[in-house]
Visitor: 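Could you have a look at this structure, given as structure tokens, before my questions?
Excluded from the calculations below are hydrogen atoms, water molecules and symmetry mates; all remaining heavy atoms, backbone and side chain alike, are included. Chain letters run A, B, ... following the sequence lines, proteins first and then strands; every chain starts at 1.
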Amino acid sequence: MKKKIGVYICHCGGNISDYVDVEQVRKAVENEPGVFLAKTTMFACADSNQKEMVEDIAAQHLDGVVVASCSPKLHLITFRAVTERAGLNKYNYVHANIREQVSWAHSDNKPGATEKAIRIVKSAIAKVNRSESLEPVKVSATKAVAVIGAGVAGMRAAIELAEAGSEVYLIEREHFVGGRVAQFDDLCVSTETGKTLVTRLYDEVMKHKHVTLFTGAEVIETSGSVGNFNLKVKVVPRYIELRCKEHQLQDAIDVCPVQVPDEFNFNITMRKAIYHNYPSEYPQLPAIDIKNCTRCGECEKVCENINFDQKTEYLNLKVGSILLATGFDPYEPKRGEFGYGEIENVVTLPQFKRIMHYSKDKLMYRGKQIKHIAYIYCVGSRQVDGENKYCSRYCCTATIHSAVTAKNKFKDIYNYHFNRGIRTYGKQEVLYDESSRKGDIYLQSFEDAPPVVEKKGDKTIVKITDILTNNKELEVEADLVVLVTGMVPRKENSIAGLLKVPKGRDNFFNEIHMKLRPVETVIDGITIAGASQGPKNIMESMNSALSAATKSFSIVNAGELALEPTVAKIDKENCEWCGKCDEACPYSAFTKIEYNGKFIAEVNETICKGCGMCLPVCDTNAIELIGFTDKEVESMIDALV
Amino acid sequence: MAKINPEFTKELKSYGAFDVNACYNCGNCTAVCSLSDEENSFPRKMIRLSVLGLEEDIQMSLDPWLCYYCGECSTTCPRQAEPGELMMSLRRWLISKYDWTGLSGLLYKSFTASLTAFIILATGVLWFAAYQGFNPEKLLHYGHYFEMIAIAFVFAFILLPDIIRMWWFTFSKEHSKIPLSAYTKAIGDLFVHMFTQKRTLGCDDSQVRWFEHLILVFGYLLLLFTTVFLDWFGTNNTFVIALGYIESAIIFVVTFIFVLSRVKKEKEVSKHSHPSDWFFVIWLFLMGFTAFFVRLFIDINILNTNIWLYVLHLIVLVQWALLIVPFGKWTHFLYRSFAMYFIRVKSLNTK
Ligand SMILES: Cc1cc2nc3c(=O)[nH]c(=O)nc-3n(C[C@H](O)[C@H](O)[C@H](O)COP(=O)(O)OP(=O)(O)OC[C@H]3O[C@@H](n4cnc5c(N)ncnc54)[C@H](O)[C@@H]3O)c2cc1C
Ligand code: SF4
Ligand code: SF4
């Protein structure tokens, strides 16, 4: 029990004192056990009051402090810092919220509000009476970062981390780098093509001796926690020797008899089992897609560098932080969604970009010339009935950009945009302007009456009830219907499960706080970047990649990490390992260990977040939460009721 | 189900329209327009129909005739889509649709065609004058008859059928449904609007413009009456002579002011002048001006020695009567009045 507790009750300039009689609160608590001084203050957070508190604590040797003011979300850290400045361990500070929980909530009942405030402050005093000084948990950090995904976001982050001085393992699942951006030629808003951007980043990545790039590589097991993650990485070989003779390789590709749909071109073309996606792709060495290879041996006959003896390797890496940049998948429309999969000239926007890429003078698809193009927006985004409630952000701009590109590249192109309100935010608005001035036609509908795609004879008709034309029913005969598909999380996203990275309602990786902590996850040491976190264009992906890199670097660069000591603690004698805590823990902080001839649970302090989920499920009450012990919490309840 | 025709705006451009496609449907133009109301909301609606190329709907619409081109919408448009100019172009386009001869469209779209027509008529008159040996008496005689015949001919064979066509297009969905009584009840509107153009008064800025127009209309109609029916050039009646002088002077003074403002391009309405606008004001000016001097020459007795002046007047007159009246801007005056009339008929019917 404490002897010298200081209590400060804040007016919040009237926000509190207009409804709560703060003087009465002060009087009511000044004689509580342990209370040495009780003061009211106009603004507890003001510099002058902070100074006074520091003086009080130091001069009077206070051993516990309570400030009754606003929400701890606002000022817990402020007042903890005050106690620390005065030389008192910050865990001897307890915050009482009498603004959000009292004055604002009960402005209609002043006496009641005052009574509630008294009890809340008393319960804080009860807690601080039992508080203990705590020291942070210290762990040493490995100065290396694993960047998962070598798309533009991953590569940018890897370069930044290496430049700052960290060791970087860049782990890419595909045999080639660049992610989605490599798949698109013309991009907005600058004029460089996707390939140019990827090449520039790849060159920089390769220049850095601190970056090690693994392609065909995937994390399959993880353990450890912030500062010291252990990753097991599976690396699939290319089955082709380095330093091979280029013309022989082309011969090998030519003779390969296997044909599979080319995912790089969103399945509008076929590729061989030995392949690269485009001639100058990085790394500049084709790979054999062993799942589809029949081992017929044709390629070996023309190329001496094929080597089917290469083995899948498993590597163990130790890193201090993990940066996830695994990107997105384009939404795949359901069969029949706007005629997709049923009407042959209905394609997705990514496919359309590849169709443009392969067309030379005339825009051609399936042997027919395309002139009239209907774009149907928000397919797979902003769904009323489906799961994807979000806007995919990139697509309005990317579509208009593609439409303008088509118009510039090919003759006699007519674009019809069936949209639900155009969102070419920021500087991208100029594209919208350009397209409409070029004669593109915009038709708009509400979500409950989307356009309809129909086949009439050999014609494809798109109909809409256009809200811009007094709900008139309009139709366009389209040579090609482009479904503007949004972004969805990667289908193969097991890495999230391995690392327990939380996902948002939209199923993309979730940050701690959208505004204030946008690239950190609740798993310490794991940061997120690029479109893995939600729809982003390249610029936004770069921004988040750079901040995630900085955040990851600040973790591994610290050498030693100080973690919150408010974690779960096992009473070894009482614990009988029933496993319930392990099931309840959202972070997998428990391990089963042997102790005195029985099995008990052990908490990994670096993983535990102190969320308290395990406490109520423990039958033998063998778990305490440091900083929120049973004694402390029970005494608070006693003071309240 | 209407089919979109993106080519239409290209055609409209030859009638004077500007960057209509730039419109992003904000509706500022409609909001700022002092003549647009709930029942007849424009110009955004017309812009939209034009962008989509819904010709049938445009052909049915009377909205373009409700606009008097104060230009507020064009000044307000955040995209410089020039909605006011579009309404003007639609009026031209509509005229070319109403006109069964197809000449209006040709003359609007092609400056060369217009020029050629003017030259042909001028040559015709010259040839005729030469054929008559430049005999003042004969020329004055035929000139007088020409006026009467031209009025009758143009009205019976061009304007009347065109107005019938206008009616047909406008009521395309409800020809048979409207009772005759609606037409008779509304007839007053036709004349009020024809002579006063009072709708312009609704425009925020245009009291002066309306007054100028009013004077011009009255001046023009009276001069027509004075020359055709009171035989201004042939009469000895001092009152008629003086009347003619005043009327013709009014015409050339007011038109002179108009020309000046078109040259200075101060007002929004005069920023984009189509050749047909120039023809209209210049020819009206020339008519007033030459008529004034023809009579003056008669009065001071020098016309016989200066018959060239009458020939000039005749050329202007013929061009005016055979080109500008039936196919040019003169018709606006007529269609506007009928548009107001038809709108009234429609509203009587729906009531
Ligand atoms: C049709 C279309 C057009 C677009 N046009 C534009 C445009 O014009 N301008 C613009 O700014 N943006 C455009 N974008 C958006 C742009 O593609 C994205 O912003 C960008 O791709 C995001 O980069 P990223 O690195 O986050 O993700 P990605 O490009 O998806 O890269 C992720 C990488 O991670 C790898 N990966 C995934 N999972 C794992 C794993 N478990 N282990 C290892 N590696 C993994 C993937 O193989 C991939 O290489 C467009 C998008 C689309 C769909
Ligand atoms: S960016 Fe445009 S097309 Fe994409 S989801 Fe948002 S509104 Fe729809
Ligand atoms: S103000 Fe301009 S952009 Fe707005 S609706 Fe009118 S014409 Fe279109």
Side-chain angles (χ1 to χ4, degrees), chain A residues 371-375 396 400 403-404 406-407 411-425 428-445 451-454 456 459-479, chain B residues 1-14 17-31 36-63 74 77-83 85-86 90 172-173:
Chain A
K371 287 183 174 173
H372 296 266
I373 311 169
Y375 305 87
C396 275
I400 294 176
V404 171
K407 223 171 198 173
K411 258 210 263 161
D412 296 334
I413 297 288
Y414 297 92
N415 295 315
Y416 307 87
H417 303 261
F418 293 81
N419 67 86
R420 279 170 51 190
I422 292 293
R423 298 183 173 178
T424 43
Y425 55 97
Q428 307 170 139
E429 178 76 1
V430 292
L431 268 173
Y432 176 35
D433 186 78
E434 185 184 344
S435 114
S436 70
R437 278 182 206 274
K438 282 205 155 104
D440 281 15
I441 287 179
Y442 287 83
L443 303 142
Q444 198 172 329
S445 59
V452 177
V453 184
E454 284 179 351
K456 251 194 216 154
K459 289 175 180 156
T460 306
I461 310 282
V462 187
K463 291 183 185 165
I464 189 172
T465 307
D466 182 33
I467 58 173
L468 298 176
T469 320
N470 206 9
N471 288 327
K472 204 173 167 57
E473 285 191 18
L474 300 170
E475 65 172 40
V476 166
E477 194 184 311
D479 302 324
Chain B
M1 192 65 56
K3 219 170 139 202
I4 295 169
N5 171 18
E7 297 283 5
F8 183 66
T9 44
K10 279 187 206 151
E11 187 189 335
L12 258 194
K13 281 202 176 127
S14 55
F18 278 73
D19 224 351
V20 204
N21 282 309
C23 168
Y24 57 20
N25 291 295
C26 67
N28 275 325
C29 47
T30 301
S36 163
D37 56 32
E38 240 163 77
E39 263 161 60
N40 300 291
S41 147
F42 60 90
R44 191 202 73 87
K45 205 174 90 195
M46 293 317 292
I47 293 166
R48 186 67 188 157
L49 296 178
S50 308
V51 167
L52 299 178
L54 304 181
E55 292 188 39
E56 229 175 82
D57 297 68
I58 301 174
Q59 201 171 277
M60 270 173 61
S61 174
L62 293 172
D63 290 353
S74 291
C77 174
R79 302 270 286 187
Q80 292 83 43
E82 301 282 355
E85 189 55 25
L86 172 92
L90 285 178
S172 64
K173 285 189 186 143

Visitor: Between CG of B:N25 and CG of A:D466, what distance do you get to the nearest 0.5 Å?
Guide: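 Between B:N25 CG and A:D466 CG, I get 8.0 Å after rounding to 0.5 Å.
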Visitor: Could you walk me through whether B:L54 and A:K472 pass the side-chain contact (heavy atoms from CB on, under 4.5 Å) test, one step at a time?
Guide: CA-CA 11 Å; B:L54 304 181; A:K472 204 173 167 57; 3.7 Å; yes
Visitor: Please classify the contact of B:R79 with chain A as side chain, backbone, both or neither, using a heavy-atom distance under 4.5 Å.
Guide: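 For B:R79, backbone and side chain are both near chain A.
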Visitor: Quick check: closest heavy atoms across B:R44 and A:L468, and the distance to 0.1 Å?
Guide: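 Scanning both residues, the minimum pair turns out to be NH2-O, 2.9 Å.
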Visitor: So which part of B:K45 gets closer than 4.5 Å to some heavy atom of chain A, the side chain, the backbone, both or neither?
Guide: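 Neither part.
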Visitor: If you measure from CG on B:L52 to CG on A:L474, what distance do you get to the nearest 0.5 Å?
Guide: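 Going from CG on B:L52 over to CG on A:L474, the span is 5.5 Å.
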Visitor: Tell me, side chain or backbone of A:I461 under 4.5 Å from chain B's heavy atoms, or both, or neither?
Guide: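 Neither part.
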Visitor: For B:K13, I'd like to know if atom NZ has over 12 heavy atoms of other residues, nucleotides or ligands within 6.0 Å.
Guide: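 Yes.
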Visitor: Any idea which of A:D433, A:V476, A:I441 has the most non-hydrogen atom pairs under 4.5 angstrom with chain B?
Guide: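 With the most close heavy-atom pairs to chain B, the winner is A:D433.
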Visitor: If you draw a 6.0 Å radius around NZ in A:K371, do more than 12 non-hydrogen atoms from other residues or ligands fall strictly inside?
Guide: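 No, NZ of A:K371 has 12 or fewer neighbouring heavy atoms, counting only those of other groups under 6.0 Å.
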Visitor: What are the residues of residues 412-419 of chain A, in order of number, with any heavy atom under 4.5 angstrom from a heavy atom of chain B?
Guide: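 A:Y414, A:Y416 fall under the 4.5 Å cut-off.
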Visitor: Are more than 12 heavy atoms from other residues, nucleotides or ligands located less than 6.0 Å from atom CD of B:E56?
Guide: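 No, the 6.0 Å shell around CD holds no more than 12 heavy atoms from other groups.
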Visitor: Which region of B:N5, side chain (C-beta onward) or backbone (N, CA, C, O), has a non-hydrogen atom less than 4.5 Å from a non-hydrogen atom of chain A, or is it both or neither?
Guide: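 No part of it gets close to chain A.
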